[in-house]
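What you see is a predicted model; the values in this text were computed from it and never measured.
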Amino acid sequence: MMNIARSLSTCFLPLLLALMPQAGWAGQTASSDGSAVVRDGQHDFDFSIGSWKTHVRRLLKPLSGSTEWVEGTGTVSTRKVWNGRADLEELTMDTAAGRLEGLALRLYNPKTHQWRLYWANAKKGTLTNPPSFGAFKDGRGEFYDQETFEGKNIILREIFSDITPTSYHFEQAFSEDLGKTWEPNLIIDLTRTAPAPATESLTGNDRNRDFDFNFGHWKVHVSRLEGQLVRSTKWLEYDGVSEVTPVWNGRGNLIEVEVNGPAGHLQGLGLRLYDSEAHQWNLNWATSRDGIIGVPPTVGGFKDGGGEFLDQELLDGRDIFVRNTYTDVTPDGARFEQAFSPDAGKTWEKNWVITFARDK
């Protein structure tokens, strides 16, 4: 649901998997011959779809010996995205310690049968990394990650439990001894108010409108270079559809793409979030192959009607720059290009082109 530690500090370092109990995380059952069969957990979070009111208890100073809690109320709205492969949660929380607005993207990995839970705070507009990961077993979901809190490495645990059609319970806890003991610091009880998620509003003034041109249904043509930075000249062509929807009252948006061509079927999900402090967009992308958000995001903004976004990545062990651009923007069309540079931006090789034509 959310991550208080990440709202307060920067997270890094991979989780020490060997030191954490993992049995049953993927929801294993036994087959008739006694072998383990991994349950498909893609619908584990279906219970959360809809609108909810919340009662919140939050520990003010975790891992300090403090017993001072504050209480408050809030709202949660959750909807399915990406044809049910993921869900998006938007929440508000008001306590004596202040107001918190957040967004959670939960992606299912069909290979590992695990969920990854990403979190973003409205003040920053960037997805957490690493995400929490885990699965459901016997109606209870447990998710873990490692991060820093007040300069200390900790393990974070999130639990979803007591699930009924009209309510469920969420608890977040920290451990500073590799999971031997846990201190809860956030407890939320949720009560359903409607079966459907809340309708997105675009009336607020506290948002950036750069990507508003892209909202709606589109026909898309995709050209993809087969092989990158290997002097390839073979392009693969695809046709399909895309849908772009606002989230977080317009402070972000989701882009879903599904295309087919002679080379096969491609599906992808993008979450674009605006960082109001840096006045930049963070573009995050996942494919249906593994449900994992690429790291880092491409970062940038719009100027004179065009958008340019950049990040540094590894390609076959080599550091490269990745550039995304949006050009030819009109009410009924746009063009997206991705290019790689092996020489710090001196030269660029285009490898991905999407042309958008509004589906009227």
Side-chain angles (χ1 to χ4, degrees), residues 1-27 41 44-45 48 58-59 62-63 76 78 85-91 93 100 102-137 140-161 168-188 269 271 273 282 284-286 290-297:
M1 174 168 299
M2 66 167 301
N3 192 315
I4 291 294
R6 286 173 172 161
S7 300
L8 302 175
S9 62
T10 302
C11 61
F12 64 91
L13 298 177
L15 184 62
L16 302 176
L17 298 178
L19 299 179
M20 293 297 298
Q22 299 178 50
W25 275 14
D44 282 336
F45 275 105
S48 68
R58 177 179 171 187
L59 185 64
L63 301 180
V76 169
T78 306
R85 293 180 183 85
D87 61 73
L88 187 79
E89 175 186 273
E90 302 176 56
L91 66 86
M93 181 189 304
L100 178 68
L103 177 147
L105 179 65
R106 302 189 283 239
L107 295 172
Y108 185 68
N109 186 334
K111 292 184 177 179
T112 64
H113 300 276
Q114 288 183 322
W115 285 87
R116 286 187 162 214
L117 279 53
Y118 298 85
W119 165 257
N121 188 310
K123 290 183 178 180
K124 192 60 181 171
T126 56
L127 287 182
T128 53
N129 181 60
S132 302
F133 68 96
F136 280 78
K137 183 180 180 181
R140 174 185 168 99
E142 292 192 15
F143 304 87
Y144 298 86
D145 71 76
Q146 184 188 37
E147 50 198 73
T148 60
F149 179 73
E150 302 293 347
K152 295 186 290 187
N153 289 330
I154 65 165
I155 304 294
L156 180 145
R157 182 185 69 189
E158 298 174 305
I159 295 176
F160 296 81
S161 63
Y168 67 95
H169 181 82
F170 171 84
E171 180 182 288
Q172 177 181 278
F174 293 168
S175 173
E176 52 186 345
D177 55 13
L178 296 176
K180 296 182 178 67
T181 61
W182 296 94
E183 180 188 76
N185 56 64
L186 180 66
I187 298 171
I188 304 178
L269 174 75
L271 178 61
L273 298 174
N282 295 279
N284 308 274
W285 184 257
D290 53 21
I292 296 175
I293 293 284
V295 176

(request) Measure centre to centre between the rings of F143 and F45, then say whether the value is under 6.0 Å. (result)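 So the answer is yes for these two rings.
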Taking all non-hydrogen atoms of both residues, which atom of [X] and which atom of [Y] are closest, and how far apart?
X	Y	result
G179	W182	O-NE1, 3.2 Å
Q172	F174	NE2-CE2, 3.7 Å
L178	I155	CA-CG1, 4.2 Å
T78	S48	CB-O, 3.2 Å
W119	G102	CH2-CA, 3.3 Å
I293	Y118	N-OH, 3.0 Å

For the backbone of [Y] and the side chain of [X], can you confirm whether one donor and one acceptor N or O come within less than 3.5 Å of each other?
X	Y	value
Y108	G41	yes
E183	L63	yes
D145	P131	no

Rounded at 0.5 Å granularity, tell me how far [atom1] in [X] sits from [atom2] in [Y].
X	Y	atom1	atom2	result
R157	Y144	CZ	OH	5.5 Å
E142	E158	CD	CD	11.5 Å
F136	Q114	CZ	CD	13.0 Å
T128	L156	OG1	CG	10.0 Å
R106	L88	CZ	CG	9.0 Å
L105	L103	CG	CG	7.0 Å

(message) If you apply the rule side-chain contact (heavy atoms from CB on, under 4.5 Å), what do you find for L273 with L127, and how did you get there?
(response) CA-CA 8 Å; L273 298 174; L127 287 182; 3.9 Å; yes
(request) Walk me through it: do F133 and I292 pass the test side-chain contact (heavy atoms from CB on, under 4.5 Å)? (result) CA-CA 11 Å; F133 68 96; I292 296 175; over 6 Å; no
(message) Contact between H169 and I159 at the side-chain level, heavy atoms closer than 4.5 Å - yes or no?
(response)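 With C-beta onward as the side chain, the pair stays apart.
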(request) Would you mind reporting whether L186 and M93 have side-chain heavy atoms less than 4.5 Å apart? (result)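 Touching, per the 4.5 Å side-chain cut-off.
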(request) Assess whether side-chain contact (heavy atoms from CB on, under 4.5 Å) is satisfied between L107 and L269, documenting all intermediate values. (result) CA-CA 10 Å; L107 295 172; L269 174 75; 3.8 Å; yes
